[in-house]
Peer 1: 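Pasting a structure here, questions to come.
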Amino acid sequence: MPELAEVAFACSIWNSNLNQKIKKVEVSKTSRVFRDCEPSQVEDALSQTILKSSATHGKQMLFKFTGDKWLGLHLGMTGSLALEESSYTAEKHDALILYQPSATLIFKDPRQFGKVSLHIGKTVPSWWKDLPTSMLDEKFDQQIVTTALKRHARRPIKALLLDQRYFQGMGNWMADEVLWRAAIHPASPCGKIKKTAEDHLFKQILFVARGAMNSVGVNGGDPPKGWLFHARWKDGGLCPKTGKKLRREKIGGRTSCWCPHIQNK
DNA sequence: ATACCTGTTTCCCG
DNA sequence: CCGGGAAACAGGTA
């Protein structure tokens, strides 16, 4: 599930239960999400602390606990956060469970492409400070797009949009949504994109990022009606604008969906 | 059985 | 050195 706005919504689930003591921590000893830290260390570090605040940046999440403990989470492809009753018992793909007096916070991830990181210190971890500018930041300007297009002139634009060095939080459906709205074919080489198309691209990146945050990011669920999102998943989908059949093909390593009548190479 | 998947990292090529 | 693409990671689902 997890792109920009879905990550923000997932974060808000845990964030809805701040300021309660973590009575017990349960970790999976085998999940690959602990490849960058020891599960037992996370268990020890978070026990008897209190979750004080949370933040997201693109697809990254950071949770701050008392005692200078910081937990970083990435949801990968299939990760999710949940809030359950305090009587909750561990299920098959639960990687990390935080038991509070009145609720339980759960991080589950069947495919285990997600990632847990632990930081202990007075200040935020360096890997958090050094993240690229967020698409939601006012400092995210068209120059970032211009520079990226120029540097990767031979790459298909779809692949560039998925590059987290430039577009923090952009995922497969968001990228298709942006290109559809900007009327750019996903296979277009970045170096072939004209100035006016680039203007549209920049505007639609902001539109999709903000639009997703204001809908999915707040209430979970799906983006608004009329978005390509609703038609792009399966073969035979119809373009919400033209009513014509959408095309699907692997571009930039990922299945891409576009409307041939709007998006020409 | 087969193929596919809202992500990232690593490896290999030119 | 850099850019680009394929493969790998792992389990569920159609």
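Quick note on labels: first sequence line is chain A, next is B, and so on, each numbered from 1. Note that the structure is a prediction, hence the values are computed from the model and not measured. The analysis underlying the following values was restricted to heavy atoms, covering all of them including side chains, and did not include hydrogens, waters or symmetry mates.
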Peer 1: Excluding sequence neighbours, so at least two apart, what forms side chain to side chain donor-acceptor pair (under 3.5 Å) with A:R232?
Peer 2: A:D176

Peer 1: Provide, to the nearest angstrom, the distance between the CG atom belonging to A:D163 and the C1' atom belonging to B:dT8.
Peer 2: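 Taking CG of A:D163 and C1' of B:dT8, I get 11 Å after rounding.
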
Peer 1: Tell me whether the side-chain N/O atoms of A:K59 come closer than 4.0 Å to OP1 or OP2 in B:dG7.
Peer 2: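 Indeed, a polar side-chain atom of A:K59 lies that close.
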
Peer 1: Going by heavy atoms in the side chains, are A:Q204 and A:W180 under 4.5 Å from each other?
Peer 2: no

Peer 1: Please state the P separation for the pair B:dC4 and C:dA6 - nearest whole angstrom.
Peer 2: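 After rounding to an integer number of Å, I get 14 Å for this pair.
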
Peer 1: Could you state the CH2-C1' distance from A:W233 to C:dT13, rounded to the nearest angstrom?
Peer 2: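 After rounding, the gap between these two atoms is 14 Å.
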
Peer 1: Is the ring pair A:F229/A:W233 parallel, tilted or perpendicular, if the boundaries are 30 and 60 degrees?
Peer 2: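 Taking A:W233 first and then A:F229, their aromatic rings stand perpendicular (interplane angle over 60°).
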
Peer 1: Which is it for A:K158 and A:S256 under the side chain to side chain donor-acceptor pair (under 3.5 Å) test, yes or no, and what are the steps along the way?
Peer 2: CA-CA 8 Å; A:K158 173 66 185 278; A:S256 303; 2.8 Å; yes

Peer 1: Is there aromatic stacking of A:F113 against C:dC9, centre distance under 5.5 Å, plane angle under 30°?
Peer 2: yes

Peer 1: Is there a side-chain polar atom (N or O) of A:H74 under 4.0 Å from OP1 or OP2 of B:dG7?
Peer 2: no

Peer 1: Is A:W14 close to A:L71 at the side-chain level, that is, under 4.5 Å between some pair of heavy atoms?
Peer 2: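 Contact flag for A:L71/A:W14 side chains = yes.
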
Peer 1: Nearest-Å distance, CD (A:Q112) to C1' (C:dC9)?
Peer 2: 9 Å

Peer 1: Phosphate oxygens OP1/OP2 of B:dT8: is one of them under 4.0 Å from a side-chain N or O of A:Q164?
Peer 2: yes

Peer 1: Looking at A:R254, I'd like to know whether one of its side-chain N or O atoms comes within less than 4.0 Å of OP1 or OP2 on B:dC5.
Peer 2: no

Peer 1: Starting at CG of A:D36 and ending at C1' of B:dT9, how long is that distance when rounded to a whole Å?
Peer 2: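 After rounding, the reported distance stands at 11 Å.
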
Peer 1: Does a sphere of radius 6.0 Å around NE2 in A:H261 hold more than 12 heavy atoms from other residues, nucleotides or ligands, not counting ones at 6.0 Å or beyond?
Peer 2: yes

Peer 1: Using a 3.5 Å cut-off on both pairing distances, which stems of three or more Watson-Crick or G-U pairs include DNA chain B?
Peer 2: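 So far as stems of 3 or more pairs are concerned, DNA chain B shows B:2-5 with C:11-14, B:7-14 with C:2-9.
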
Peer 1: In whole Å, what is the span from the CD1 atom of A:I251 to the P atom of B:dC5?
Peer 2: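 From A:I251 CD1 to B:dC5 P: 13 Å.
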
Peer 1: Any side-chain N or O of A:T255 under 4.0 Å from OP1/OP2 of B:dC5?
Peer 2: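 Yes.
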
Peer 1: Considering only nitrogen or oxygen atoms on both sides, find all protein atoms under 3.5 Å from nucleotides 4-7 of chain C and state each distance.
Peer 2:
from	atom 1	to	atom 2	distance (Å)
C:dG4	OP1	A:R154	N	3.4
C:dG4	OP1	A:R155	N	3.3
C:dG4	OP2	A:H152	ND1	2.5

Peer 1: Does A:L73 share a hydrophobic cluster with A:I106, counting links as ILVMFWY side-chain heavy atoms below 4.5 Å and allowing steps through other members?
Peer 2: no

Peer 1: Give a yes or no on whether A:L228 and A:L238 share a hydrophobic cluster (residues Ile, Leu, Val, Met, Phe, Trp, Tyr; joining criterion: side-chain heavy atoms under 4.5 Å apart).
Peer 2: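 No, it is not one cluster - the side chains of A:L228 and A:L238 are not joined through contacts under 4.5 Å.
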
Peer 1: When the P atoms of B:dA3 and C:dA7 are considered, how many whole Å apart are they?
Peer 2: 14 Å

Peer 1: According to a strict under-4.0 Å criterion, is A:K92 in side-chain N/O contact with OP1 or OP2 of C:dG12?
Peer 2: yes

Peer 1: Could you check how far CE of A:M77 sits from P of C:dT13, rounded to whole Å?
Peer 2: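 So the two atoms are 15 Å apart, to the nearest Å.
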
Peer 1: Without decimals, in angstroms, what is the distance between A:K250 NZ and B:dA3 C1'?
Peer 2: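 In whole Å, B:dA3 C1' lies 10 Å from A:K250 NZ.
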
Peer 1: Using heavy atoms to find the nearest nucleotide of DNA chain C for A:H93 and A:R32 separately, return the residue whose nucleotide is more 5′.
Peer 2: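 The residue mapped nearer the 5' terminus is A:R32.
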
Peer 1: Going by heavy atoms in the side chains, are A:Y166 and A:H152 under 4.5 Å from each other?
Peer 2: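 Answer yes - side chains close enough.
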
Peer 1: Whole Å only: how far is the CG atom of A:L162 from the C1' atom of B:dT9?
Peer 2: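 Taking atom C1' of B:dT9 as the reference, CG of A:L162 is at 15 Å.
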
Peer 1: Less than 4.0 Å between a side-chain N and a carboxylate O, is that true for A:D199 and A:K203?
Peer 2: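 A:D199 and A:K203: not salt-bridged.
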
